[in-house]
2 protein chains.
Amino acid sequence: MPKEVTLRDVATQVGVSPRTVSRVVNDEGGFSEATRQKVLNTVEQLGYQPNMLARGLITRRSGTVGLVGGGMTDPFFPALAERIQRKAREAGRTMFFASTESDPARQADVLKSLWSHAVDGVIVFPALDTIDQLTSYARRGLPVVIVDDQADAPNLACVSFDLEAGAAMATRHLLDTGRSRLGMIASSLSPPRRRNRERGFLRGLRDSAAGASPPEVVRMLPTVEGGESGMGQLLDRRPDIDGIFAYNDLVAIGAMRAAKARGRRVPDDIAVVGCDDIDMSSLVTPALTTVRLDRPLLSEEVTQALHELIDAPGIPRDPVKLPVELVVREST
Amino acid sequence: MPKEVTLRDVATQVGVSPRTVSRVVNDEGGFSEATRQKVLNTVEQLGYQPNMLARGLITRRSGTVGLVGGGMTDPFFPALAERIQRKAREAGRTMFFASTESDPARQADVLKSLWSHAVDGVIVFPALDTIDQLTSYARRGLPVVIVDDQADAPNLACVSFDLEAGAAMATRHLLDTGRSRLGMIASSLSPPRRRNRERGFLRGLRDSAAGASPPEVVRMLPTVEGGESGMGQLLDRRPDIDGIFAYNDLVAIGAMRAAKARGRRVPDDIAVVGCDDIDMSSLVTPALTTVRLDRPLLSEEVTQALHELIDAPGIPRDPVKLPVELVVREST
DNA sequence: GAGAGTTACGTCAACGTTGACGCCAACGTT
DNA sequence: AACGTTGGCGTCAACGTTGACGTAACTCTC
C-alpha cells in the first residue's frame, strides 16, 4: 500500500519545516500569507490528511465522541442517533456508536473500549443501574452526558425528559375522556429510581378527584411483543379494564394488537396511550395517542452539554429537564 | 485529570521493562510464566488499558471499522447496523458509525474523516453513484465492503441481495394472483446501474405469458411520504391500476395509506408488495406482503468479507449475491 | 566441552504530530 | 543608537506503543 502523506512530505515539497505546515493546517498563526498559500496548495495537491492518531496521542483529543445506547431496535434511538451524529460532525467530531443491549456488563466493555480509543466524551443511555460505573469514568476525566437518569460528578451532565409529568398528563387525559379502570405496561429494564413513568401514572391517578379504581401495573420488555403479553396479563387480571398507559409506543402498539386479538376495540372498548411519538405511531390504525418526546430538542441539549463539558471542563452543570407534550390521535 | 496508566507504570511496579509488559499484554510469547502472572496482576491492579492511539500509530491498525450508510430513518438499516456492530465487537473492533444522508459529498467527507482516524476498513451502503470514490480509497489501501453495488478493485468486496430476482418474484406473484395492471414505485436515489428492482419488475412482466398491460413506473424518495405521493401519481395516471410493487416497505406502507385515503381497498382493489421485510411490515393492517432480505445473512457475509480483507489482504474476492424470499401476507 | 539453538528479557528507534522554546530579522520607541 | 517587541520560522522532545535487534544465561547435541 502507498504510504500515507505526512506533514513532512508537505514540508519538504514546500521547503519549510513540518512545524510550519502544522501551524498552517491548524491555523495557529505565526506564518506569512505567502507560506500559507504554498502550504495549502501542496496539502491539496498531495492529498494530505492529518493523522488523528498521532495528533490525539499528543493533544489527548481524538476528535471522537461515543454514543452508547441500549439498542437500535426501538426506532426512537436511531432517529436520535442520527441527529446527534450530524451535530457531532458539525463540531468536527466523528462518532463511535456502541450498543449495550441493555446489559451492564456489555456497557462496561463498551466504555472500556471507547476509553482506550481516547474518545473525547460519551453520551450514554444507561443500562439498568449503572450510575456508579459512569460517575467513575467521569471522575477519571471522561466527559459523560447521561440521558434519562441523574447523577452528580465532575465532567458529568444529565439531560432528561420530564416523563413523570408526561405520564401524569397521559393518565389525566385517560380519566378526562371517561376511562376509570386503568392499567399500565411498564418496562422491566428500568430500575426503581428511573420509574418516572410509573410515578407519573400513579400521581395522575391520585391527583384526580374522580373515583377511579386502583390501577394495575405489569412490567414487560419494552417491545411490541412485551406490549402484547402485557396487555394479555392485564386483561386476564381485570377484564373490564378500559384505559392503558404504555411504557413506549412499541409497547402501546403491541398492546393494541393484543386487544384486537382478544376482540376488544380500540378506542371504543379500551383506550391506549403510548410514549415517545415514533414515526410509526401516526401510521398504525388507529393512530396512537402518545406523549411526544422532542427529539430535536433532546439531541440539541445533549450535544451542547457534551461539547461544553469537553471544551470548558470543570464548570458544574445543572441537570436539564425537558418538557413533553401530549399528542391526541385516534387511540383514545 | 489523573494521568493515564501506561506500560511504563506497570513495568516499573513489576520491575521489568515496558517492552516485556507489552509482550505479555499482547501475548507475544517470550516471557516466563512467573512474569506473566506478575504483569497481569499489576495490569489488573492499576487498571491499565492499552492506548489504541499509540498502538495504532505504529501498527497502522486502529482496531476500528466504519459503517457508512444513507441514514437511520429506514428501519432496515439500524437493525442491520446493530448486528454488524455486534460482530465487529466480537472480532475485537469498535465501530464508527456515519450517515451520508444519501449525499455523495457527505459521503466523501465521512470517508475522509474515517480515513484520517485510520479505520481498519469500512462497510458502505453507497450514496448514489460513488463507486469511483470508493474504489479510489480501496486502491489507497483501505479495505472496503460495498453493499448492493458492484465494483472491482483490490481491497474491495461486494455483497448484494438478488433484488432483481426478488422483484421478478414479486411481480409474478402479483400476476399469478390475478392482477394485470401493474405499477411500480421506485427510488429516485438509485442510479441507473443499481435499478435491479426495476429490471426485475420488468423482467417478471416480460416472462409472464399473460397479456398484462404495460406497466407504470414512478420514482420517489424511498420514504412513507414518497410512497404516498407515488401512489397518488400512479392512480392519477392509471385509475384502474390493481397491483403495486414498491421499492421498499416504507414506500409500500405509504402507498397503502394513499390508496386507503383515495377509497381503494387493499388488497381487494389494489394489491401491494414491498421489499425488505422490516419489523413494521407484519404490524400494519393489512400486513404487508414483501420480499424478505435476510439481515442476519447479510450482516454475516458483510462482516466476514471485511474481516477477510483486513486480515488477509490481497486475495481477490468474488462478489456475493444473496438469495431473497417472498413473504406473502395480507396485502396481496 | 565447543558450538548451536533457545529462552527471557532489555535497548533503541520509530510512528506523525504538537508543545515549549529559541533564534534571527525587521520594526518601533525613546 | 540602543533597546524592546513582534513576526516568522526552526529545533527538539515528547505522547505510548511496538518492530528490529542485541545479549546473557541456559539447554541440547555429539
Side-chain angles (χ1 to χ4, degrees), chain A residues 1-40 42-43 46-64 92 115-120 141, chain B residues 1-40 42-43 46-64 92 112-113 115-120 141:
Chain A
M1 53 187 146
K3 69 171 196 294
E4 312 247 345
V5 181
T6 74
L7 277 186
R8 194 190 336 272
D9 300 327
V10 178
T12 53
Q13 172 144 350
V14 176
V16 294
S17 80
R19 191 63 186 82
T20 297
V21 179
S22 168
R23 275 191 269 253
V24 173
V25 169
N26 292 20
D27 205 24
E28 289 178 36
F31 45 79
S32 68
E33 180 57 23
T35 37
R36 200 184 83 93
Q37 283 302 336
K38 276 190 291 185
V39 166
L40 289 184
T42 313
V43 161
L46 299 184
Y48 167 76
Q49 284 282 120
N51 183 324
M52 299 305 253
L53 301 190
R55 178 181 288 178
L57 186 54
I58 180 152
T59 61
R60 318 203 141 258
R61 292 273 178 103
S62 61
T64 59
W115 171 264
S116 75
H117 281 287
V119 290
D120 295 341
Chain B
M1 52 188 146
K3 69 173 197 292
E4 312 248 345
V5 182
T6 74
L7 278 184
R8 191 184 346 268
D9 300 326
V10 178
T12 54
Q13 171 144 350
V14 177
V16 294
S17 80
R19 192 63 185 82
T20 298
V21 179
S22 167
R23 276 190 269 254
V24 173
V25 169
N26 293 21
D27 206 23
E28 290 178 35
F31 45 79
S32 68
E33 181 56 25
T35 38
R36 198 184 85 94
Q37 284 301 337
K38 274 189 291 184
V39 167
L40 289 184
T42 314
V43 161
L46 299 185
Y48 166 75
Q49 284 281 121
N51 182 324
M52 299 305 252
L53 301 189
R55 178 182 286 179
L57 187 55
I58 179 153
T59 61
R60 320 205 137 255
R61 291 275 178 103
S62 60
T64 59
K112 217 152 110 177
S113 161
W115 172 262
S116 74
H117 280 287
V119 291
D120 295 340

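Labels below follow one simple rule: chain letters A, B, ... track the order of the sequence lines, proteins then strands, and each chain is numbered from 1.
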Compare the minimum distances between each of dT18(C), dG16(D), dC15(C) and the side chain of Arg55(A), then state the nucleotide with the smallest one. dT18(C)
Would you say a side-chain N or O of Asn51(A) is under 4.0 Å from OP1 or OP2 of dC15(C)? no
Within the pair Ser32(A) and dG7(D), is there a side-chain N or O less than 4.0 Å away from OP1 or OP2? no
Is any side-chain nitrogen or oxygen of Thr20(B) closer than 4.0 Å to OP1 or OP2 of dC9(C)? no
Calculate the interatomic distance between Glu28(A) atom CD and dT18(C) atom C1'; express it in whole Å. 7 Å
Would you tell me if any nitrogen or oxygen in the side chain of Ser17(B) comes within less than 4.0 Å of OP1 or OP2 on dC9(C)? no
Tell me what Pro50(B) touches on the nucleic acid: a base, only sugar-phosphate, or nothing, going by heavy atoms under 4.0 Å. sugar-phosphate
Testing dC15(D), dT18(D), dT17(C) for proximity to the side chain of Ile58(B), the answer is dT18(D)
Reckon Thr59(A) touches a base, only the sugar-phosphate, or nothing at all at heavy-atom distances under 4.0 Å? sugar-phosphate
Checking base pairs now: Watson-Crick or wobble, both atom distances under 3.5 Å. What partners dT30(C)? dA1(D)
Do Arg60(B) side-chain and dG16(C) base share a donor-acceptor contact under 3.5 Å? no
The nucleotide from dC9(D), dG10(D), dT17(D) with an atom nearest the side chain of Arg19(A) is dG10(D)
Is there a donor and acceptor pair, one atom on the side chain of Arg23(A) and one on the base of dG10(D), closer than 3.5 Å? yes
With a non-hydrogen cut-off below 4.0 angstrom, is Thr6(B) in contact with a base, only sugar-phosphate, or nothing? sugar-phosphate
Rounded to whole Å, CZ of Arg36(A) lies from C1' of dC9(D) at a distance of 17 Å
Nucleotide dC15(C), atom P - distance to CD of Gln49(A) in whole Å: 20 Å
Looking at Thr35(A), I'd like to know whether one of its side-chain N or O atoms comes within less than 4.0 Å of OP1 or OP2 on dG8(D). no
